[in-house]
Asker: 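Take a look at the following structure, please.
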Amino acid sequence: MSDHGPVEAAYLDAFTTFAEDAGVDHVVLREPEVGGFINFGLEPHVEGHGLRSLFPSDLSGYHDGAPVSLDTARELVRAMLRDNGAWCRLEVDGRFTAHVGYDQYLYLGTSVSPDRAVALAEESGLFPERIDRSPWAWESDDPPARPADPAFWVEVAALVAARGPLLLRERFVGNASRWHRLTPERIDQVRTGLVPRSCVEIWPDLSTDLRRVRRQLRRALRQGLATLVTADDRGVLRHRLLSRRREAAAAMTAGSAALVVSGTDDGHSPLVTAVLPDADGVLRARWTPWYEPAPAPLHR
């Protein structure tokens, strides 16, 4: 638990000193998240995840690959130390890294001699230790994700033409997503509005057979968590992560059509999944199954 006082201030000063000594005036957000269903820390998540004063309410600018100033990065470190809900890696390729673990340790990596920064941290009352590698450094044995390149969007258009309207889930940060309805006329509009480096999943359309959807939802909740996607009479999509049947009963009154996505791995997957490459066509986002629990559309 952060003391919200002198120890926290010493951590933040250490972050700034290490970054400045490395010649860094900004850092890049990697694998950003917001607070999810499970909180590993001792302090409760706060409304807005600690991001309210840093980013707009729709989290514009808070995504993988986004550059932020050192001042903003410093406040992100503060939010992570306090378990506000936001989490991300802060990195500059080959020069500087900053990771905050769930144990509240701050891991700083630099390409230059850290002697001055270490000495200043010790003077502030901290106990820096040299280690070979941050335990929060990125690593994965998973195969590379499929890029959402022109061939992917041709496939999506073919699916919509063959099956009718479909849903696109846009995972723009860990534990946060948006849903969009795809029709032949809307594919390009949805595509151009996606957040950079998002993971996109294509799902079946909503079902108007709400009695069947309720049965599917009850079955999913007996296995664990479930996401319920609904549409109101105007076609506006909303989604809720549910864990209790009482919540499900209330949620089912909110729409005229719905889709249940199970939170357990029952052998199914989205119709097709891909990750947005950068403007130069290179796929740099590092999505893994941690961000993509194996959900399943329960109606066919």
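Position 1 is the first residue of the sequence; numbering continues from there. Atoms considered below: every heavy atom in the structure, side chains included; atoms not considered: hydrogens, waters and symmetry mates.
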Asker: With a 4.5 Å heavy-atom cut-off, do Asp13 and Leu120 have their side chains touching?
Answerer: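 A side-chain contact under 4.5 Å is absent here.
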Asker: Answer yes if Phe172 and Val28 sit in the same cluster of Ile, Leu, Val, Met, Phe, Trp and Tyr residues linked by side chain heavy atoms under 4.5 Å apart, and no otherwise.
Answerer: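 Different clusters.
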Asker: Carefully, step by step, assess Glu31 and Arg197 under the rule side-chain contact (heavy atoms from CB on, under 4.5 Å).
Answerer: CA-CA 10 Å; Glu31 294 77 51; Arg197 298 191 180 183; over 6 Å; no
Asker: Do Leu271 and Arg163 make a side-chain contact, defined as non-hydrogen atoms from C-beta onward lying under 4.5 Å apart?
Answerer: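 In contact.
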Asker: Are Leu167 and Val236 in one and the same hydrophobic cluster, where Ile, Leu, Val, Met, Phe, Trp and Tyr link if side-chain heavy atoms are under 4.5 Å apart?
Answerer: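 As far as the 4.5 Å side-chain criterion goes, Val236 and Leu167 are not connected within one cluster.
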Asker: Which heavy-atom pair separates Pro114 from Phe18 by the least distance, and what is that distance?
Answerer: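 Reported closest heavy-atom pair: CB-CE2, 3.6 Å.
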Asker: Under 3.5 Å, is there a donor-acceptor pair between the side chain of Trp87 and the main chain of Val100?
Answerer: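 Checked: pair present.
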Asker: Looking at Arg146 and Ala274, would you say the former's side chain and the latter's main chain have a donor-acceptor pair under 3.5 Å?
Answerer: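 No.
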Asker: As an exercise, state the distance from CZ of Arg74 to CG of Leu70, rounded to the nearest 0.5 Å.
Answerer: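 One gets 9.5 Å once the value is rounded to the nearest 0.5 Å.
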Asker: Start with the C-alpha distance between Leu206 and Thr230, add both sets of side-chain angles, then the distance that settles side-chain contact (heavy atoms from CB on, under 4.5 Å), and finish with yes or no.
Answerer: CA-CA 7 Å; Leu206 305 178; Thr230 60; 6.0 Å; no
Asker: Between Val282 and Leu194, is there shared hydrophobic-cluster membership here, with clusters defined by ILVMFWY side-chain heavy atoms closer than 4.5 Å?
Answerer: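 No, separate clusters.
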Asker: Mind checking whether Thr273 and Val200 have side chains closer than 4.5 Å, heavy atoms only?
Answerer: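 Result no, sub-4.5 Å side-chain heavy-atom pair not found.
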Asker: Checking Glu75 against Ser53 for the side-chain contact (heavy atoms from CB on, under 4.5 Å) test, could you report, in this order, the C-alpha distance in whole Å, the side-chain angles of both residues, the deciding distance, and whether it holds?
Answerer: CA-CA 9 Å; Glu75 292 308 308; Ser53 63; 5.9 Å; no
Asker: Determine the minimum heavy-atom distance between Asp21 and Arg116, stating which atoms define it.
Answerer: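 For Asp21 versus Arg116, the nearest heavy atoms are OD1-NH2, 2.7 Å.
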Asker: Please answer whether the main-chain N or O of Glu8 pairs with a side-chain N or O of Asp3 as donor and acceptor at a distance below 3.5 Å.
Answerer: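 Answer holds: yes.
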Asker: Indicate the atoms forming the closest heavy-atom contact of Pro32 with His63, along with that distance.
Answerer: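 Scanning both residues, the minimum pair turns out to be CG-C, 3.6 Å.
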Asker: Do the rings of Trp136 and Tyr102 sit parallel, tilted or perpendicular, given the 30° and 60° boundaries?
Answerer: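 Perpendicular.
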Asker: What pair of heavy atoms forms the shortest contact from Ala66 to Gly61, and how long is it?
Answerer: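 So the minimum-distance heavy-atom pair works out to CB-O, 3.2 Å.
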Asker: Can you tell me if Asp141 has over 12 outside heavy atoms packed within less than 6.0 Å of its CG?
Answerer: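 12 or below, so no.
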Asker: May I have the step-by-step check of side-chain contact (heavy atoms from CB on, under 4.5 Å) for Tyr62 and Thr72, ending in yes or no?
Answerer: CA-CA 11 Å; Tyr62 184 69; Thr72 297; over 6 Å; no
Asker: Under 4.0 Å between a side-chain nitrogen and a carboxylate oxygen: does that hold for Arg82 and Glu43?
Answerer: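 Salt bridge: no.
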Asker: Do side-chain atoms of Arg186 reach the backbone of Arg181 as a donor and acceptor pair under 3.5 angstrom?
Answerer: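 Yes.
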Asker: Charged N to carboxylate O under 4.0 angstrom, Arg130 versus Asp115?
Answerer: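 Salt bridge present between Arg130 and Asp115.
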Asker: Could you measure the distance from the CG atom of Leu210 to the CD atom of Gln216? Nearest 0.5 Å is fine.
Answerer: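 Reported to 0.5 Å precision, the distance equals 10.5 Å.
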Asker: Between Trp203 and Pro270, which heavy-atom pair has the shortest distance, and what is it?
Answerer: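 Smallest interatomic distance, heavy atoms only, reads CZ2-CG, 3.4 Å.
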Asker: Is there a side-chain contact between Leu81 and Gln104, using heavy atoms and a 4.5 Å cut-off?
Answerer: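 Result yes, sub-4.5 Å side-chain heavy-atom pair found.
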Asker: So, do Val213 and Leu228 sit near enough that their side-chain heavy atoms are less than 4.5 Å apart?
Answerer: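 Of all side-chain heavy-atom pairs linking Leu228 with Val213, at least one is under 4.5 Å.
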Asker: Could you tell me whether the side chains of Asp209 and Ser207 share a donor-acceptor contact shorter than 3.5 Å?
Answerer: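 Not at all, the side chains of Asp209 and Ser207 share no donor-acceptor pair under 3.5 Å.
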Asker: Using the rule that Ile, Leu, Val, Met, Phe, Trp and Tyr join whenever any side-chain heavy atoms are under 4.5 Å apart, tell me whether Leu159 and Val154 fall into a single cluster.
Answerer: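 No, no single cluster joins them.
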Asker: Between His180 and Gln189, is any pair of side-chain heavy atoms under 4.5 Å apart?
Answerer: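 His180 vs Gln189: side chains apart.
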Asker: Looking at Asn84 and Ala86, would you say the former's side chain and the latter's main chain have a donor-acceptor pair under 3.5 Å?
Answerer: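 It does not hold such a pair.
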Asker: Does anything in residues 97-111 form a salt bridge (charged side-chain N to carboxylate O under 4.0 Å, His left out)? List the pairs, not counting sequence neighbours.
Answerer: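 Sorted result for residues 97-111: empty, none.
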Asker: Please check: side-chain N/O of Glu170 versus main-chain N/O of Ser198, any donor-acceptor pairing under 3.5 Å?
Answerer: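 Not at all, since once roles are kept as given, no pair shorter than 3.5 Å links the two residues.
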Asker: Indicate, with yes or no, if the rings of Phe96 and Phe15 have centres closer together than 6.0 Å.
Answerer: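 Centroid distance Phe96-Phe15: below 6.0 Å, so yes.
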Asker: Would you confirm whether Thr110, through its side chain, and Val112, through its main-chain N or O, come within 3.5 Å as a donor-acceptor pair?
Answerer: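 Looks like yes, one N/O pair under 3.5 Å.
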Asker: To the nearest 0.5 angstrom, please state how far the CZ atom of Arg89 sits from the CG atom of Asp64.
Answerer: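 Those atoms lie 10.0 Å apart.
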Asker: Sub-3.5 Å donor-acceptor pair from the side chain of Asp58 to the main-chain atoms of Ser60, do we have one?
Answerer: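 Flag set: sc Asp58 to bb Ser60 pair under 3.5 Å.
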Asker: Under 3.5 Å, side chain of Ser124 to main-chain N/O of Ala121, donor-acceptor pair present?
Answerer: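 Between the backbone of Ala121 and the side chain of Ser124 there is a qualifying donor-acceptor contact (under 3.5 Å).
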Asker: Is there a side-chain contact between Val195 and Leu59 (heavy atoms, below 4.5 Å)?
Answerer: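 No; the side chains remain at least 4.5 Å from each other.
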Asker: Look at the side chain of Glu91 and the backbone N and O of Thr97, then say whether any donor-acceptor pair between them is shorter than 3.5 Å.
Answerer: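 Side chain of Glu91 to backbone of Thr97, a donor-acceptor pair under 3.5 Å: no, none is there.
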Asker: Got a second to check how far Glu139's CD is from Arg286's CZ, nearest 0.5 Å?
Answerer: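 Separation between the atoms: 11.0 Å.
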Asker: Can you name the closest pair of heavy atoms from Leu276 and Leu283 and give their distance?
Answerer: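 So the two residues come closest at O-CD1, 3.7 Å.
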Asker: Using 0.5 Å steps for rounding, measure from the CD atom of Glu155 to the CD1 atom of Ile202.
Answerer: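 Separation between the atoms: 9.0 Å.
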Asker: Taking Val46 as the starting point, is it possible to reach Val77 by hopping between hydrophobic residues whose side chains are less than 4.5 Å apart?
Answerer: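 Val77 does not cluster with Val46.
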Asker: Roughly how far, to the nearest 0.5 Å, is the CE atom of Met80 from the SG atom of Cys88?
Answerer: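 Between Cys88 SG and Met80 CE, I get 4.5 Å after rounding to 0.5 Å.
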Asker: Taking C-beta and beyond as the side chain, do Leu76 and Leu29 meet within less than 4.5 Å on heavy atoms?
Answerer: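 Yes, their side chains come closer than 4.5 Å.
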